[in-house]
A.B. asks: 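The structure that follows is given in the form of structure tokens.
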Amino acid sequence: MSKRQNLLASGVFLLAFLGHRSTVNSVELTFELPDNARECFFEEIKKNQTATLEFQVVTGGQYDVDVQLVSPTQEILYKQVKTQFDSHQFTAQATGIYAACFSNEFSTFSHKLIYMDFQVGDEQPLPGVDEHSTVLTQLESSSQEIHKSLNAILDYQTHHRLREAQGRKRAEDLNERVLWWSLTETVAILVIAIGQVIVLRNFFSEKKPSQMSYQQFK
């Protein structure tokens, strides 16, 4: 094969790689969970299909939430109480609608911001890679490695953004607490200073004797 043909084949394969879309059914979102509230997300999963539920509390309260994964037969497949983050993978035993429920009912005033990633199914290989029985070429092997690395980078970036948002929120909360504490200290110092001035003035102020006392003394 000539050099021009090699370049053409490489270009076609890279276009196929860049235009490839995964058939994985994934629900990835960030939502707000109010206090005393419960939110459920539903996903249809076929029998013997693998699914993964991953979540993390980004902001709010003690950064914890109750989580349940319920099967179509109302069987609880997974349950966590007051958990900050976790990941659970399972294989569906029956075809139907599965529910991932998040509860903040134990909290009376704090809202929670929650990240959830609900992936269903396995990612399909790159087109043209596993369609032949011969040994993979160096280009195909490199493309597979690049594809896996890109997916890993996407996951790392997502978790990094979550940690950054969580750290920023904690810093803002700490800054707000320091501000209010400083204002409280300032007000307390002013009140104490004014009180001391009033007490000292009472100590050194001259008191005029009454007319009766003056006559008795005379």
Side-chain angles (χ1 to χ4, degrees), residues 18 20-22 24-43 45 50-70 76-90 98-123 145-197:
L18 294 175
H20 169 67
R21 291 185 178 180
S22 174
V24 175
N25 189 10
S26 176
V27 178
E28 184 177 5
L29 54 88
T30 303
F31 63 96
E32 183 178 1
L33 186 63
D35 53 288
N36 295 320
R38 176 184 174 91
E39 293 286 347
C40 292
F41 300 89
F42 304 91
E43 187 69 33
I45 306 177
T50 302
T52 302
L53 174 64
E54 183 179 1
F55 68 92
Q56 179 175 343
V57 182
V58 182
T59 61
Q62 300 297 323
Y63 299 89
D64 51 2
V65 68
D66 294 343
V67 184
Q68 281 188 355
L69 184 62
V70 185
I76 298 178
L77 304 177
Y78 170 77
K79 181 178 181 181
Q80 288 291 337
V81 178
K82 294 185 178 181
T83 305
Q84 180 179 350
F85 61 89
D86 198 10
S87 178
H88 176 69
Q89 186 177 19
F90 66 98
Y98 289 75
C101 297
F102 299 85
S103 174
N104 193 30
E105 295 174 335
F106 58 87
S107 179
T108 56
F109 59 89
S110 60
H111 291 219
K112 307 290 176 63
L113 189 65
I114 301 174
Y115 163 81
M116 183 196 69
D117 185 10
F118 201 175
Q119 295 184 359
V120 178
D122 296 326
E123 186 175 3
E145 294 299 325
I146 292 174
H147 182 62
K148 293 179 181 178
S149 299
L150 288 176
N151 288 333
I153 290 173
L154 289 175
D155 292 336
Y156 290 146
Q157 286 179 338
T158 299
H159 289 290
H160 177 73
R161 286 194 296 267
L162 291 174
R163 287 192 294 268
E164 188 272 337
Q166 190 178 65
R168 183 176 65 252
K169 180 60 178 177
R170 287 184 174 179
E172 291 175 353
D173 292 341
L174 180 60
N175 182 55
E176 184 178 0
R177 292 181 181 180
V178 171
L179 175 62
W180 285 109
W181 179 256
S182 300
L183 292 176
T184 303
E185 283 187 332
T186 302
V187 173
I189 291 174
L190 291 176
V191 171
I192 293 174
I194 294 173
Q196 289 179 342
V197 171

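All figures in this text were calculated on a predicted structure; none of them were measured in a lab. Only heavy atoms go into these numbers, but all of them, side chains included; no hydrogens, no water, no symmetry mates.
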A.B. asks: Nearest 0.5 angstrom please: Q119 CD to E43 CD, how far?
C.D. replies: 11.0 Å

A.B. asks: Quick check: do T83 and V67 have side-chain heavy atoms less than 4.5 Å from each other?
C.D. replies: no

A.B. asks: Can you check whether T52's main-chain N or O pairs, donor with acceptor, with D117's side chain at less than 3.5 Å?
C.D. replies: no

A.B. asks: Is there a donor-acceptor contact under 3.5 Å from the side chain of N104 to the main chain of P34?
C.D. replies: yes

A.B. asks: Could you tell me if the side chain of Q56 sits less than 4.5 Å from the side chain of I114, heavy atoms only?
C.D. replies: no

A.B. asks: Heavy-atom distance under 4.5 Å between the side chains of V187 and L183, does that happen here?
C.D. replies: no

A.B. asks: Run the ring-centre check on Y98 versus F118 and record whether the distance is less than 6.0 Å.
C.D. replies: no

A.B. asks: Quick one: which of M116, Q68, K112 gives a side-chain contact (heavy atoms from CB on, under 4.5 Å) with F102?
C.D. replies: M116

A.B. asks: Taking atom OH of Y63 and atom CG of L113, what is their separation to the nearest 0.5 Å?
C.D. replies: 10.5 Å

A.B. asks: When rounded to the nearest 0.5 angstrom, what is the spacing between CD in Q157 and CG in L150?
C.D. replies: 9.5 Å

A.B. asks: Looking only at heavy atoms, what is the nearest atom pair of F55 and V65, with distance?
C.D. replies: CE1-CG1, 4.2 Å

A.B. asks: As an exercise, state the distance from CD of E185 to CH2 of W180, rounded to the nearest 0.5 Å.
C.D. replies: 14.5 Å

A.B. asks: How close do L53 and L69 get, heavy atom to heavy atom, and via which atoms?
C.D. replies: CD2-CD1, 4.4 Å

A.B. asks: With a 4.5 Å cut-off on side-chain heavy atoms, are V57 and D64 touching?
C.D. replies: no

A.B. asks: Please determine whether the number of non-hydrogen atoms from other residues, nucleotides or ligands lying under 6.0 Å from atom CD of Q62 exceeds 12.
C.D. replies: no

A.B. asks: Can you name the nearest heavy-atom pair linking D35 to F109, along with the distance?
C.D. replies: CB-N, 3.8 Å

A.B. asks: What distance separates S103 OG from K82 NZ, expressed to the nearest 0.5 Å?
C.D. replies: 10.5 Å

A.B. asks: What do you reckon, is OH of Y78 surrounded by more than 12 foreign heavy atoms closer than 6.0 Å?
C.D. replies: yes

